[in-house]
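Have a look at the structure below, then the notes.
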Amino acid sequence: MSLEFRFANQQDLNTIVEIENASMSSPWTLDSYKEALDSDHAFIMVADEAGVCVGFAVFYLTAPESELPDIVVSESYRGRGIGKLLLDASLRELSLRGVDTVFLEVRVSNERARALYEKMGFEEIGRRKYFYSDPIEDAICMRLEIDS
Ligand SMILES: CC(C)(COP(=O)(O)OP(=O)(O)OC[C@H]1O[C@@H](n2cnc3c(N)ncnc32)[C@H](O)[C@@H]1OP(=O)(O)O)[C@@H](O)C(=O)NCCC(=O)NCCS
């Protein structure tokens with residue numbers, strides 16, 4: 001595997017939308033990713049396997065805080081450590097940008113994502129009732145303090 005981590009560019013957007021659509025029940029639109037790409041207060045980190053985007057993570061920045069609203073690894077690439085490496089690379093970037101705390105929400109039933117976040121050191125700080133639709137489900141709110 002020749003894996004590298006870099007910022008997304010315009011050429012990645014169609015692949016990002018394809019990966020998102022194949023994985024999420026309420027997927028983000030192309031415009032949402034364009035907005036994140038163009039914003040000074042967001043970045044999209046890409047896992048690049050031989051020139052092809054195989055996973056990505058979107059971060060919103062309001063330093064010293066950040067939010068992780070969307071992370072997906074393409075289905076056939078899951079379970080190989082890419083999600084963890086993608087978060088490692090993103091956390092290094094966040095730290096450089098003066099972020100010390102990251103927040104996210106995750107579906108209660110999403111055991112794979114919860115296991116990944118816990119492994120990265122995220123801690124549960126609360127729950128939001130009926131936060132998700134399609135299907136309706138509670139969210140677990142998590143927080144990570146980044147060591148600088
Ligand atoms: C969540 C997601 C990004 C994880 O990516 P990934 O590349 O598969 O994750 P990794 O291979 O780095 O695994 C990291 C940890 O997650 C957990 N994990 C991985 N595969 C798992 C599985 N099949 N079942 C349970 N836990 C699993 C393990 O704790 C693993 O660590 P380990 O391998 O050291 O035991 C990926 O599963 C995904 O894209 N899911 C669909 C989209 C999604 O749900 N996004 C999150 C929304 S909040």
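All ligand and atom numbering here is 1-based and tracks the order in the structure. When a residue number appears, it is its place in the shown sequence, counting from 1. As the structure is a prediction and not an experimental result, all values here were calculated from the model.
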TODO: Using heavy-atom distances, let me know which of Arg114, Met142, Arg78, Glu105 sits nearest atom 40 (N) of ligand 1.
DONE: Arg78
Open item on the list: Can you confirm whether some protein heavy atom lies under 4.0 Å from atom 33 (O) of ligand 1, or whether none does?
Closed with: no
Task: Heavy-atom pair of closest approach, residues Glu49 and Ser2 - done: OE1-N, 3.3 Å
Open item on the list: Check this for me - ligand 1, Met24, N or O atoms closer than 3.5 angstrom, yes or no?
Closed with: no
- [ ] Would you please indicate if the ring centroids of Tyr33 and Phe56 are separated by under 6.0 Å?
- [x] yes
Open item on the list: Regarding ligand 1, does Arg80 bring an N or O atom to under 3.5 Å of one of the ligand's N or O atoms?
Closed with: yes
TODO: Quick one: closest heavy-atom pair of Leu86 and Ala47, and the distance?
DONE: CD1-N, 3.8 Å
Open item on the list: Would you say that Tyr60 contacts Leu68 through its side chain, given a criterion of any heavy-atom pair below 4.5 Å between the two side chains?
Closed with: no
Task: Minimum-distance protein heavy atom relative to atom 28 (C) of ligand 1 - done: Ala115 CB, 4.2 Å
Open item on the list: Whether the side chain of Thr15 engages the backbone of Cys53 through a donor-acceptor N/O pair (distance < 3.5 Å, no angle test) should be reported.
Closed with: no
- [ ] Determine whether Glu67 and Val102 make a side-chain contact, defined as any pair of heavy atoms from C-beta on separated by less than 4.5 Å.
- [x] no
TODO: Output yes when the distance from some N or O of ligand 1 to some N or O of Gly83 is under 3.5 Å, and no in every other case.
DONE: yes
Open item on the list: Out of Ile19, Val73, Asn110, Leu68, who is nearest to atom 3 (C) of ligand 1 when you count heavy atoms only?
Closed with: Val73
Open item on the list: Restricting to non-hydrogen atoms, name the atom on Leu37 and the atom on Asn9 that form the minimum distance, rounded to 0.1 Å.
Closed with: CD2-C, 3.8 Å
- [ ] Show which atoms of ligand 1 fall inside a sub-4.0 Å distance from at least one heavy-atom site of Val72.
- [x] 39 (O)
Open item on the list: Any side-chain to backbone donor/acceptor pair from Ser133 onto Pro135? Under 3.5 Å, distance only.
Closed with: no
Open item on the list: Checking contacts now, so for atom 26 (N) of ligand 1, which I'm interested in, is there any protein heavy atom under 4.0 Å?
Closed with: yes
TODO: Write out the residue and atom name of the closest protein heavy atom to atom 11 (O) of ligand 1, then the distance separating them to 0.1 Å.
DONE: Gly81 N, 2.7 Å
TODO: Report the part of Phe56 (side chain from C-beta onward, or backbone N, CA, C, O) that has a heavy atom under 4.0 Å from ligand 1; answer both or neither where that applies.
DONE: neither
- [ ] Go through ligand 1 atom by atom and flag the ones less than 4.0 Å from a non-hydrogen atom of Ala113.
- [x] 1 (C), 46 (C)
Task: Protein heavy atom at shortest distance from atom 48 (S) of ligand 1 - done: Tyr117 OH, 3.2 Å
TODO: Give yes or no for whether the N/O distance cutoff of 3.5 Å, strictly under, is met between Arg112 and ligand 1.
DONE: yes
TODO: Return yes when atom CD of Glu123 has more than 12 non-hydrogen atoms of other residues, nucleotides or ligands closer than 6.0 Å, and no otherwise.
DONE: no
Task: Closest candidate by heavy atom, reference atom 12 (O) of ligand 1, pool Lys119, Arg107, Lys84, Glu75 - done: Lys84
Open item on the list: Under a plain distance cut-off of 3.5 Å, with no hydrogens placed, do Arg78 and Ser23 share a side-chain donor-acceptor pair?
Closed with: yes
Open item on the list: Do Leu116 and Lys84 have side chains that approach each other closer than 4.5 Å (heavy atoms only, starting at C-beta)?
Closed with: yes
TODO: Nearest heavy atom to atom 46 (C) of ligand 1 wins, so pick from Ile140, Val106, Val54, Ile71.
DONE: Ile71
TODO: Identify, for atom 8 (O) of ligand 1, the protein heavy atom at the shortest distance, and state residue, atom and that distance.
DONE: Gly79 N, 2.8 Å
TODO: Check ligand 1 against Leu116 and write out every atom of the ligand that is under 4.0 Å from a heavy-atom position of the residue.
DONE: 4 (C), 14 (C), 15 (C), 16 (O)
